[in-house]
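Here the structure is laid out as structure tokens; the discussion comes afterwards.
For the single chain, residues carry numbers from 1 onward in sequence order. All heavy atoms count here, side chains included; hydrogens, waters and symmetry mates do not. These numbers come from a predicted model, not from an experiment.
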Amino acid sequence: MIISLALVVLATAGGTLVSYLYDEGAAFAARLCAGACIGIAALGLVGFVLASFLGLTPLAILLTVLLVISLPLLALRNPNRRVIIQQDLRATYRAIRQGYLDPSRLPLGYIVFYTVIAAILWRAFQRAMIDVPEGIFTGVLNNFGDLPFHLSVISSFAYGNNFPPDDPTYAGVRFTYPFLTDFVSAIFVRCGANLRQSMFIENFVVALAFVGLLHRWALEMLRDKIAAAMTPVLVLLSGGFGWVLLWKQATEKSQDGLAGILQNLPPSFTVIPDTTWRWGNAVSTLLIPQRGFLLGLPLAVIVFTQWWLATSDTTTDAEMGRHGDAAKERKQEKGRKSKKQTSRKRGSDLRVPASPLLPVPSFHRMAAAGVVAGLLPLVHAHSFVVVMVVGACLALLQQRWRDWVAFFVVASLIALPQMWWSTHNSAVDAGKFFDWQFGWDHGQESAVWFWFKNTGLFIPLTVAAILWRSKNRPLVSRRLLVFFLPFTLCFIIPNVLKMAPWIWDNIKVLFYWWLASTPLVALLLARLWRQGGLKKAIAVALFTCVTLAGALDVAAIVLRSGRYDVFNAEGIRFAELIKQETAPRAIVIHAPVHNHPVFLTGRRSLMGYPGHVWTHGLEFAQRESEIKRVYAGAPEAAAILRKYAVAYVVVSPLERNIMNVNEQFFSKFQLVGEEGGYRLYKITQP
């Protein structure tokens, strides 16, 4: 685990150095957040390219680390930039030292804010996978189906030499699911971490960085500290009116008191199976179960931040062009004042200030945003599509053609090879992904009522923020409104078009509408708060109404001790037997369930859970039928085994529970090993 932590530190250092090439004036903490996400994504992409030729070997990992660290060192070639980096490091050291010597000078607001968020994220991701002697469990119900899948992907790279990658749950088919986040965890496994540690290290670092990046993005756009701090909270505690269900819970558990109610919270107040509560909470339904989204979101926020800052640069340049030397002189004077203020702050404030300005043209910002966007296809394809579509709309609205051409060209140069690789000779049926469907996942319920119930007052508050006028001045500036408008497509399109075989997966696009709307809602609530009196009370009530359902979902994860059984101890021991007795790329046939021990081995599964296979756009009915015929010992069973070059077959309680197993048919094969009720047979092909 120590080596894995060192890799994260090195990747973060490399990404942080890169930020000095394009992000003038950023605070060092913001650079670290961006550096962690960019560094981890680069570690995965560079590592995968090298591992495709060398395998996931120590040499491939070493070369990956050297490249991820050495290329960012180009930032040090500029002597002015070296000075800025040294100043940032010294300021950080002074801040830490002064905080240790004089705790009374600590910025308690920021410390409490991030300490609380870090503690919640730490606890939540700890419960994503619980590894104890009794087996592997999860404390997050929405992760019950996703956890075994991600473990199968990590294991396929770490233990199964899965290069070029087959789908680990559907042998013989190119793996098109964005897997880079799981590949990074596989690197950590190869460096000595266990499966739980490999996911937790990456998850926690990226999630905390995501909060910092949201905070910085909102602060740059809104220039309002309260609204900026509120933005990540509104994102993490997304939900709707599901908190009304708390009254039923309180009534049923009233005899247990508040502690009893909190200890026995239902798994979710935002997404409930077989109902029209479908929106879900960001932490419980997106960041924990969907690991690609966890890294895709912060990378997208980095892109959005640079887009915003680039428009600011362009505005300043245009103003200087109109007003000539006078405008230039005012800008220089403003810079001198800023440096003086920064100097005074460093002597009296423990916050690490923004770096001194080293002017970066908007063209360079947009090119850098293109680099980050180009990392997305193998991290999270939906995020890449959102970034490119929203970017195209903004380009049409802003008409800064030179900057936007730089963004799209750079992004395409990095992304297109990934897209070609993942779609070339793919077995995915694209026709299963797209269809007309109005109202997203509203079922038989009115679409209007469905959205009001699932998002609560969030949509009305967004509209109110846009329409708000104070002394004939809008709360939302024209520049901010223009920036926000393309994100409304992330709400409109998924409400008329099915974009995945499972309609609920449209949330991977829908959530970007929520993400972009959140700063507007935060700005409105901050304005009400500052007006004091009754309006301050209204702001608190509205904030509580918007976040309570999500807060209850997060509390259910953090406070409850319940857990859901994924792999039992016998199954885990059987998985170790398979790893010892079989070749890394062997094909194994087993029951098509989501939590089979084979997924812990890295061996290729003939077919896993049909629900996962279907959501990936693959046809599963024929193969599922053939698996059942094999286990029944049908006359064509031997031919089916030859057809798929199956090397081993598992007979266990999982197979017996869902299929008719002909024990006599399998008795003619060699019994390789047995663990409890699990048996592994070797198929000898003629």
Donor-acceptor pair, [X] side chain versus [Y] backbone, under 3.5 Å?
X: D441; Y: R278; result: no
X: R604; Y: R585; result: yes
X: T285; Y: G280; result: no
X: T270; Y: N281; result: yes
X: S52; Y: F48; result: yes
X: T615; Y: H612; result: yes
X: S156; Y: V153; result: yes
X: E619; Y: A621; result: yes
X: E202; Y: M199; result: no

Strictly under 6.0 Å, is that where the ring centroids of [X] and [Y] end up?
X: F200; Y: F125; result: no
X: H616; Y: F149; result: yes
X: F144; Y: H594; result: yes
X: W122; Y: F204; result: yes
X: F567; Y: F137; result: no
X: F163; Y: F53; result: no

Query raised in the report: Any salt bridge (charged side-chain N to carboxylate O under 4.0 Å, His left out) pairs touching residues 573-583, not counting sequence neighbours?
Result: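 Output for this query lists R573-E675, E576-K579.
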What heavy-atom pair brings [X] and [Y] nearest, and what distance separates the two atoms?
X: V235; Y: W514; result: CA-NE1, 4.1 Å
X: A36; Y: A209; result: CB-CB, 4.4 Å
X: T181; Y: G292; result: OG1-CA, 3.7 Å
X: V386; Y: C490; result: CG1-SG, 3.8 Å
X: I557; Y: R127; result: O-NE, 2.7 Å
X: V387; Y: V303; result: CG1-CG1, 4.0 Å

Do [X] and [Y] have a side chain donor and acceptor closer than 3.5 Å?
X: H596; Y: E655; value: yes
X: R291; Y: S185; value: yes
X: S268; Y: D553; value: yes

Query - Charged tip of R623 within 45° of Y170 ring normal and under 6.0 Å - result: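 Yes - R623 lies over the ring of Y170, closer than 6.0 Å to its centre and within 45° of its axis.
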**Report entry** Ring-face cation of R174 near W421 (centre distance under 6.0 Å, axis angle within 45°)
**Finding:**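 Yes, a cation-pi geometry.
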Query raised in the report: Any salt bridge between D131 and R196, counting N to O under 4.0 Å?
Result: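 No, no charged N to carboxylate O under 4.0 Å.
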Nearest 0.5 Å, what's the [atom1]-[atom2] distance between [X] and [Y]?
X: L297; Y: L287; atom1: CG; atom2: CG; value: 6.5 Å
X: L378; Y: L295; atom1: CG; atom2: CG; value: 11.5 Å
X: L236; Y: L121; atom1: CG; atom2: CG; value: 6.5 Å
X: F574; Y: T601; atom1: CZ; atom2: OG1; value: 9.0 Å
X: I61; Y: F188; atom1: CD1; atom2: CZ; value: 10.0 Å
X: H215; Y: I117; atom1: NE2; atom2: CD1; value: 9.0 Å

Requested in this report: Hey, can you tell me if F304 and W217 have their rings parallel, tilted or perpendicular (30° and 60° cut-offs)?
Outcome: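 Because their plane-to-plane angle lies in the 30° to 60° range, the rings of F304 and W217 count as tilted.
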Query raised in the report: Where does the angle between the aromatic ring planes of W420 and H424 fall among parallel (under 30°), tilted (30 to 60°) and perpendicular (over 60°)?
Result: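 Ring orientation of W420 relative to H424: parallel.
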Does a sphere of radius 6.0 Å around [atom1] in [X] hold more than 12 heavy atoms from other residues, nucleotides or ligands, not counting ones at 6.0 Å or beyond?
X: I3; atom1: CD1; answer: no
X: K432; atom1: NZ; answer: yes
X: M419; atom1: CE; answer: no

Report task. Any side chain to side chain donor-acceptor pair (under 3.5 Å) involving residues 8-19? Give me the pairs, sequence neighbours left out, ordered by first then second residue. Result ->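 Those involving residues 8-19 are S19-R31.
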Query raised in the report: Where do I627 and I640 land on the side-chain contact (heavy atoms from CB on, under 4.5 Å) test, with the steps shown first?
Result: CA-CA 8 Å; I627 290 172; I640 294 172; over 6 Å; no
Query raised in the report: In this structure, which one of F511, Y177, Y512, F293 forms a ring-ring contact (aromatic ring centres under 6.0 Å, His included) with H380?
Result: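 Testing each of F511, Y177, Y512, F293 against H380, the sole residue satisfying ring-ring contact (aromatic ring centres under 6.0 Å, His included) is F293.
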Query raised in the report: Are F599 and H590 close enough, and set up right, to give a ring pair (Phe, Tyr, Trp, His ring centres under 6.0 Å), and what steps lead you there?
Result: CA-CA 10 Å; F599 297 145; H590 59 81; 5.4 Å; yes
Requested in this report: Show the numbers, then the answer: is there a side-chain contact (heavy atoms from CB on, under 4.5 Å) between L17 and L73?
Outcome: CA-CA 7 Å; L17 282 177; L73 292 178; 3.8 Å; yes
Query raised in the report: Who pairs with P289 by side chain to side chain contact (heavy atoms under 4.5 Å, CB included), at least two apart in sequence or on another chain?
Result: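 Partners of P289 by the side chain to side chain contact (heavy atoms under 4.5 Å, CB included) criterion, ordered by chain and then number, come out as N142, N143, D146.
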